[in-house]
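The structure under discussion appears below in the form of structure tokens.
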There are 2 protein chains.
Amino acid sequence: MTKAPTVYDVAADAGVSIATVSRVLRRPEDVRASTRERVMDSVRDLGYVPSGSARGLAARRTGALGLYFPGFDAMDDMGELSDLLADASPSYSFVDDVGAAPESHQFNLYFDEVLRGAELEAWRRGFALTVAVGRGGLAADAARDMAGRVDGLLVLAQSVPDAALEQLARRIPIVVLASAAHSGAFDSVTVSNHEGMHALTAHVIDDLGIRDIAYVAGPLDSPDDNDRWAGFESALLERGMDPGRVRLRRGEFTRASGRLAGAYLLASDAMPKAVICANDQMGLGVLDALNEAGIRVPQEVVVTGFDGIEAANLSSPRLTTVHQPMELVGRAAIQLMQRRLDDPEAEPASIRLPVKVLLRESSEGS
Amino acid sequence: MTKAPTVYDVAADAGVSIATVSRVLRRPEDVRASTRERVMDSVRDLGYVPSGSARGLAARRTGALGLYFPGFDAMDDMGELSDLLADASPSYSFVDDVGAAPESHQFNLYFDEVLRGAELEAWRRGFALTVAVGRGGLAADAARDMAGRVDGLLVLAQSVPDAALEQLARRIPIVVLASAAHSGAFDSVTVSNHEGMHALTAHVIDDLGIRDIAYVAGPLDSPDDNDRWAGFESALLERGMDPGRVRLRRGEFTRASGRLAGAYLLASDAMPKAVICANDQMGLGVLDALNEAGIRVPQEVVVTGFDGIEAANLSSPRLTTVHQPMELVGRAAIQLMQRRLDDPEAEPASIRLPVKVLLRESSEGS
DNA sequence: TCCAAGAGTGTATGCGCATACATTGCCGTT
DNA sequence: AACGGCAATGTATGCGCATACACTCTTGGA
């Protein structure tokens with residue numbers, strides 16, 4: 001790891017000026033083939049790697065995009081490095097895991113897929129992708145730091161305070177993901193939460209003939225949750241049913257809170273004929289509770305979720321749900337960003353992606 | 001999005017020199033409180049965001065770390081932005097998904113978790129994390145580009161050609177993940193593949209009393225696969241069994257190839273009493289094949305996997321497997337990188353993380 | 001044969017910041 | 001009263017590259 005060679009070193013080695021070295025790397029066709037090869041040889045010989053910082057500074061663009069997620073709160077510390085290096089603990093251990101309760105990851109899957117889509121699309125367009133996960137009060141600082149090192153910032157709903165977001169928007173393009181709230185002010189990508197839940201609810205009522213329905217909602221501050229409830233509500237209203245009379249439980253979008261909701265329903269006088277949940281995790285939790293109580297799904301009660309996470313495809317019975325194109329959300333966001341970078345004056349645009357209602361065994365005869 | 005304010009603008013606004021502005025941001029305690037506040041006010045008023053490029057250039061460090069993954073090959077294109085914006089397609093659709101075959105994601109889960117661990121740990125240490133996914137022949141270029149913009153590079157085994165890797169190592173610190181091959185040359189993080197598979201195999205032979213075993217291996221070029229096979233092999237040898245006589249099928253680490261392997265075993269004269277698979281995906285595929293053929297697991301055949309992915313916890317029967325601490329791999333890698341950055345002259349270190357043998361229903365009485 | 005028009009290359013500059021070093025002002029000492 | 005020492009701030013420079021502009025050398029047409 002000797003001192004890193006620079007354009008000057010390469011130029012000297014190849015017997016050309018630094019401008020030519022730069023051209024060989026950025027616009028090879030502007031340089032005569034023989035010169036180009038000579039320079040490339042020097043580049044290889046010296047192991048030259050252009051400095052991203054210098055490039056970014058001179059070109060006024062970094063070639064990187066940022067993706068900012070809301071944070072996982074639970075962040076238990078791990079032992080420090082010294083522990084790991086010095087570790088004399090056994091290299092393996094046995095765990096009797098028979099009969100363990102399945103608790104799949106929290107919301108992670110959602111982010112993972114969005115991230116993958118964004119990464120994919122960013123790469124295709126020649127951008128690097130820098131990710132950051134917001135942590136409570138520091139979100140604004142972290143976002144600012146990030147804003148300084150990228151050409152554009154993708155922000156997941158609720159991960160950055162609005163005030164901070166507007167500040168940043170004065171400096172670099174912002175695309176907001178999964179938040180209907182910001183439509184109009186920023187470019188944004190959302191999914192058809194409303195329509196999806198509406199369609200699913202209509203299916204339960206019209207096709208399955210069920211009118212005795214309970215609803216398991218998510219946190220009040222979730223825009224997704226609001227949209228889904230609105231879709232559910234409108235389906236009821238259209239059919240002359242009163243949403244106010246629906247048994248409503250509110251959970252945390254986790255499997256555990258779904259179990260609680262399920263237990264609550266079990267303890268009530270009469271089970272509803274259908275339990276519509278605002279996301280899959282809670283739907284799976286409800287399934288857990290019902291399975292445990294020996295209630296047959298879907299024969300006695302129909303259960304549905306929302307999101308289309310993998311775990312909903314592996315449960316028994318498999319969970320009917322509304323699939324969100326999460327990877328597409330990430331890709332679409334990058335596309336919007338590209339458009340914004342190409343034309344900074346364009347009107348803010350909003351992409352609303354379609355969802356798929358996946359009818360599975362938790363709502364159908366097997 | 002007017003012209004971005006710089007230190008000069010802030011300095012002028014606050015009536016100080018640029019050095020003072022810089023100090024306020026980097027070493028606030030070196031500046032008198034009254035001055036500091038005046039500068040901070042200007043920073044806020046102007047919406048100043050320091051340029052990461054300029055900082056990186058002047059300070060000779062970017063404050064970012066890179067994470068380089070081998071690529072997903074299948075990269076089907078999506079419609080372009082114009083399609084999405086103009087899209088008049090319905091906002092939802094119904095899909096009859098009853099009875100669909102569960103095919104969980106490919107290897108993604110593995111990367112997702114490593115990434116999460118790395119992100120977490122990088123954040124804690126004040127680094128940004130830039131991710132890139134290698135794409136075939138361009139891997140070397142992409143890695144080089146990345147190397148120019150970060151202070152250190154984490155590389156997953158096999159994602160960058162060795163020659164390119166050594167080039168880059170001359171410029172910035174490299175930490176290799178999940179590759180025993182590079183130990184000694186680079187800092188590296190691995191898991192106890194050998195020991196884990198050895199322990200699992202010993203359990204099958206000694207505790208379950210099974211000696212009629214088939215092995216479903218992964219690709220030949222996978223170091224993980226090699227290690228696991230070696231662990232399996234050594235367990236047999238220790239017990240006087242001949243690894244050469246084990247029925248061996250080689251797959252692609254995918255569920256589909258696991259199904260194929262299962263079908264092959266079913267078609268053979270006699271089923272073995274245990275099928276040990278080099279990863280979970282293939283183990284799940286074998287389960288699929290056996291379930292379909294009506295073979296009872298574990299009563300007639302024991303099946304095991306390796307990795308500890310979530311899907312292996314949701315199958316029926318749930319899959320006995322060896323859990324890798326994937327998130328820890330990511331975190332440990334960042335810790336190693338930190339150590340290397342702190343002390344560039346340190347001897348290359350290797351962290352080998354312990355695994356957990358998870359005994360579940362696919363190998364035990366329920 | 002001479003010149004205009006590129007093609008190819010070099011020179012000079014600035015991107016925005018961190019920081020070494022210089023300068024100023026203030027306080028306590030002698 | 002003069003001075004040393006330190007805290008606070010300013011001045012000047014360079015980090016490594018892209019690029020506008022200047023310059024030289026060919027080449028083809030008149």
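Letters A, B, ... mirror the listed sequences (proteins, then strands); counts begin at 1.
Listed by chain and number, the residues in a side chain to side chain contact (heavy atoms under 4.5 Å, CB included) with A:D342 are A:Q338 (sequence neighbours excluded). With sequence neighbours left out, the side chain to side chain contact (heavy atoms under 4.5 Å, CB included) criterion links B:A58 to no other residue. Not counting sequence neighbours, B:D45 has no partner by the salt bridge (charged side-chain N to carboxylate O under 4.0 Å, His left out) test. Legend: residues meeting salt bridge (charged side-chain N to carboxylate O under 4.0 Å, His left out) with B:R32, ordered by chain and number and at least two apart, are absent. Qualifying side chain to side chain contact (heavy atoms under 4.5 Å, CB included) partners for B:A122, counting only residues two or more places apart in sequence or in other chains: B:F127, B:L129, B:I334. A:A4 pairs by the side chain to side chain contact (heavy atoms under 4.5 Å, CB included) definition with B:R171, not counting sequence neighbours.
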Quick test: give all pairs of protein nitrogen or oxygen and nucleotides 8-10 of chain D nitrogen or oxygen below 3.5 Å, distance rounded to 0.1 Å.
unit_1: D:dA8; atom_1: O3'; unit_2: B:R32; atom_2: NH2; d: 3.3
unit_1: D:dT9; atom_1: OP1; unit_2: B:T35; atom_2: OG1; d: 2.4
unit_1: D:dT9; atom_1: OP2; unit_2: B:R32; atom_2: N; d: 3.0
unit_1: D:dG10; atom_1: OP2; unit_2: B:S17; atom_2: N; d: 2.8
unit_1: D:dG10; atom_1: OP2; unit_2: B:S17; atom_2: OG; d: 3.0
unit_1: D:dG10; atom_1: OP2; unit_2: B:T20; atom_2: OG1; d: 2.6
unit_1: D:dG10; atom_1: O6; unit_2: B:R23; atom_2: NH2; d: 2.5

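Comparing the axis of the opening five pairs of the helix from C:dT1-D:dA30 to C:dT30-D:dA1 with that of the closing five pairs yields an angle of 50°, rounded to 10°.
Residues A:D41 and A:R44 are paired through a salt bridge, judged by an N-O separation under 4.0 Å between the basic side chain and the carboxylate. Salt bridge annotation for B:R116-B:E119: absent, with no cationic side-chain nitrogen under 4.0 angstrom from a carboxylate oxygen. Between B:E166 and B:R170 there is no salt bridge, since no side-chain N of the basic residue sits under 4.0 Å from a carboxylate O of the acidic one.
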Side-chain donor-acceptor pairs under 3.5 Å in residues 9-26 of chain B, sequence neighbours left out?
unit_1: B:D9; atom_1: OD2; unit_2: B:T6; atom_2: N; d: 2.7
unit_1: B:D13; atom_1: OD2; unit_2: B:S42; atom_2: OG; d: 2.6
unit_1: B:S17; atom_1: OG; unit_2: B:A19; atom_2: N; d: 3.4

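Less than 4.0 Å separates DNA chain C from at least one heavy atom of each of the following residues of residues 49-64 of chain A: A:L57, A:A58, A:R60.
Here chain B contacts DNA chain C (any atom closer than 4.0 Å to a heavy atom, that is under 4.0 Å), and the contacts span C:dG16 to C:dA20 from 5' to 3'.
Interatomic distance, A:L67 CG to A:F111 CZ, rounded to the nearest 0.5 Å: 10.0 Å.
Residues in residues 48-65 of chain A take part in these side chain to side chain donor-acceptor pair (under 3.5 Å) pairs, two or more places apart or across chains: A:R55-B:D145, A:T62-A:D151.
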